[in-house]
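Here the structure is laid out as C-alpha cells; the discussion comes afterwards.
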Amino acid sequence: MRDETKRKNEILRQKLFRMVSVGVVDEPLNRAYDVISTVALVVNLLAAFLNTFDYLATSYRPIFANIEAVTVAFFAIDYVLRMYTAKYLYPSKSESEALFRYFISFAGVIDLLSFLPYYLPVFFPAGAAAFRMFRVARIMRLFRINAYYDSLNVITEVLVKKKQQLLSSVFILAVLILASSLGMYSLEHEAQPEVFQNGFSGIWWAASTLLTVGYGDIFPVTNAGRIMGIFITFLGVGVVAIPTGIISAGFVEQYTRLKRIGSGHKNDDVHFITLEIGSKDKWIGKSIKELGLPKGAIIVAVERKGHTEIPRGDLILLQGDRLILAAESLKNATSIQIREETITAKNPWNGVKIRDLDISRQTFIVMVKRGKRTLIPRGELTLAEGDVVLLYEKHAGTQQIEDDE
C-alpha cells in the first residue's frame, strides 16, 4: 500500500514537472499553464510600465495593485512547484542536490526575484525602495520563450560557444578604458579640476567615448587631451567591432552547421520501427529509463494524443502511446533481409500451418499481418489468403515464394 502511494506521488510530481516545464505541450493542461505563465508575466510588466505615468497611476492605482498582487502570487506558486519538481530537472542528482542546484541556478534566482521583493517590505519596511528595484528581474522570465523559437535558441548557443572570445574582448575593452581614463585624467585635471575630479570621472569619459556614445557632459579642452580623445575615439570603433565580429562569425558557423546537419552529409543506416502500447503491455506505467533497451537502440519520439513527446528518461509511458524506435546498423555484421510475402489464393502456403512450411533454415517468420491485426507466428497458426508474412533472412537474395500459375 505504501509503495503504491509513493508511486502515485511520483507520477503526480512528474505531471507537475511537465506542466511547469516550458515547451512541453503534450496535454491541454501543460499548454494552458504555459499560456497562463506568459500572460501573467506580460500583464505584470505592462501594469508596472503603465503605473509610471502619473495620470494613469492616479486613476487606476488600485487596478495596478491588484494585478501585481495576483500575478506575483502566481509567480510564488510557480516557484514552489519548481522547487517541488527539481528532482526531475536534475535526474542524476539526489533530492537535496537537485533542490540546491535549482536554487542557485540562473533560472532559480530569477524565479525567486520575481516574487520575493514584493513581500520583503512587509518584514523590512525600510528597504522598500531597494526591493522594488529587484522586481525588474521578472522581465528575465521572458527568456523562457526560447523553448518555442529556434531563432532565440541559436542566439543562446552562439553566446555560449563564443563566451571565451567575448570575455577576452571585454577584458581588452576594460584595460583600454582604465588606461584611457588615467591618461585623460593626467592631461585634463589641471585644466578643469571640477570636471575631471578623479579617476572615476576619467572612466566615465573613456567608457562613453570608447563605446561611441559620447554624452558631451565631459570632454577635453587642452590640445593634448583633444589629440588623445581623437585617438581613443578611433580606437573605440575598432574595439566595439571585436565582439560584433565574434557574434557575427558565430551566427554564420551555427547556421552553416544546422544546414549541414539538415542536408545530411554522413550516410549512416538507421532503422526505425513504430510500436503502440496496448492495454496489457508491461511497459505501461514505466519510465523510459526503466525499459532497459539494448545498446544501439533508442526511443527517438513518443506520439501521445496527436502530440510528439521528447523521450526523456523520466517520461512515463501510457496506454495508447506510439513509440518510434531507432537502431543503428551494425558494421561488419552478417547481411540480413526482412521481406514481405502476401499469401494469394494460389500460393502454396495458403491453408498451411506454419510448422508444416518447407522453408530454409536461414529464414524465419517473425510476424503475420491479417487485416488490421498482428498475429504471433506460432507453429499451429494456419496461413490464409490475404495474410502478409514478414520473413527474416540471414542472407540476402533468398528465393522468393512463387505463386502457382
Side-chain angles (χ1 to χ4, degrees), residues 6-45 70-93 95 98-99 101-103 105-112 114-115 138-153 156 274-277 279 281 283-291 298-325:
K6 183 178 179 180
R7 181 174 172 275
K8 290 182 178 180
N9 290 335
E10 290 300 314
I11 293 176
L12 175 61
R13 290 180 69 180
Q14 290 182 4
K15 289 183 177 180
L16 290 175
F17 173 70
R18 297 175 62 79
M19 183 183 73
V20 299
S21 298
V22 179
V24 180
V25 293
D26 57 327
E27 297 181 4
L29 177 62
N30 299 343
R31 293 196 297 270
Y33 190 85
D34 283 356
V35 172
I36 293 173
S37 299
T38 304
V39 170
L41 179 58
V42 172
V43 170
N44 179 279
L45 295 175
V70 172
T71 53
V72 169
F74 175 80
F75 297 152
I77 295 173
D78 178 80
Y79 183 78
V80 172
L81 291 177
R82 293 181 186 277
M83 293 281 283
Y84 180 62
T85 59
K87 172 184 176 181
Y88 299 103
L89 185 61
Y90 304 98
S92 61
K93 305 294 182 182
E95 187 89 28
L99 197 63
R101 283 286 298 274
Y102 171 71
F103 181 76
S105 66
F106 177 77
V109 172
I110 295 302
D111 291 339
L112 183 64
S114 297
F115 71 93
R138 296 171 192 166
I139 199 171
M140 303 298 291
R141 293 171 65 99
L142 286 173
F143 283 104
R144 287 205 172 105
I145 299 177
N146 277 13
Y148 294 105
Y149 299 102
D150 291 337
S151 57
L152 293 179
N153 288 328
T156 304
T274 301
L275 301 175
E276 184 169 341
I277 305 297
S279 59
D281 202 297
W283 283 6
I284 294 178
K286 290 188 176 181
S287 63
I288 289 180
K289 62 185 178 184
E290 295 174 341
L291 300 183
I298 60 172
I299 297 177
V300 296
V302 177
E303 295 181 357
R304 177 177 296 169
K305 297 180 181 180
H307 299 283
T308 301
E309 298 288 327
I310 299 175
R312 299 184 179 91
D314 53 3
L315 177 64
I316 300 296
L317 298 179
L318 305 176
Q319 179 182 345
D321 287 351
R322 297 183 67 226
L323 310 183
I324 301 176
L325 286 82

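Fair warning: this is a prediction, and the values are worked out from it, not measured in the lab. We use all heavy atoms of the structure for the numbers below, so side chains are in, but hydrogens, waters and symmetry mates are not.
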* All side chain to side chain donor-acceptor pair (under 3.5 Å) counterparts of Arg322, not counting sequence neighbours -> Glu303
* **From OG1 (Thr71) to CG (Leu45), nearest 0.5 Å** => 8.5 Å
* Contacts of Tyr88 that satisfy ring pair (Phe, Tyr, Trp, His ring centres under 6.0 Å) - sequence neighbours left out -> none
* **Partners meeting side-chain contact (heavy atoms from CB on, under 4.5 Å) with Leu99 (sequence neighbours left out)** => Met83, Ala86
* **Results of salt bridge (Lys or Arg N to Asp or Glu O under 4.0 Å) for Glu10 - residues two or more places apart only** => Arg13, Lys87
* **Shortest non-hydrogen contact between Phe74 and Ser37, atoms and distance** => CZ-OG, 3.5 Å
* Asked: Between Ser105 and Tyr90, what is the shortest heavy-atom contact and its length?
  -> CB-OH, 3.9 Å
* Starting at OG1 of Thr274, measure out to CD1 of Ile324 and round the result to the nearest 0.5 Å. => 5.0 Å
* **Partner residues of Ala32 under the side-chain contact (heavy atoms from CB on, under 4.5 Å) criterion, sequence neighbours left out** => none
* Asked: Who passes side-chain contact (heavy atoms from CB on, under 4.5 Å) against Leu12, sequence neighbours left out?
  -> Leu16
* Asked: Looking at residues at least two apart in the chain, or sitting in another chain, which of them share a ring pair (Phe, Tyr, Trp, His ring centres under 6.0 Å) with Tyr79?
  -> Tyr102, Phe115
* Asked: Hey, what do you get for CD1 (Ile299) to CG (Leu315), rounding to the nearest 0.5 Å?
  -> 8.5 Å
* Structure fact -> dist Phe103:CZ -> Asp111:CG (nearest 0.5 Å) comes out at 11.5 Å
* Residue pair Arg31, Val35: steps toward the side-chain contact (heavy atoms from CB on, under 4.5 Å) verdict -> CA-CA 6 Å; Arg31 293 196 297 270; Val35 172; 5.6 Å; no
* How many angstroms lie between CE in Met19 and CG in Asp78, if you round to the nearest 0.5 Å? -> 8.0 Å
* To do: Can you measure from CZ (Arg304) to CG (Leu323) and round to the nearest 0.5 angstrom?
  => 9.5 Å
* **Test log, rule side-chain contact (heavy atoms from CB on, under 4.5 Å), inputs Leu317 and Lys286** => CA-CA 6 Å; Leu317 298 179; Lys286 290 188 176 181; 5.7 Å; no
* Indicate the atoms forming the closest heavy-atom contact of Asp321 with Ile316, along with that distance. => OD2-O, 4.3 Å
* To do: Report yes if the side chains of Ile277 and Leu318 come closer than 4.5 Å at any heavy-atom pair, otherwise no.
  => no
* Would you mind reporting whether Leu81 and Tyr33 have side-chain heavy atoms less than 4.5 Å apart? => yes
* Taking only residues two or more places apart in sequence or in another chain, which ones pass side-chain contact (heavy atoms from CB on, under 4.5 Å) with Val43? -> Val39, Ile67
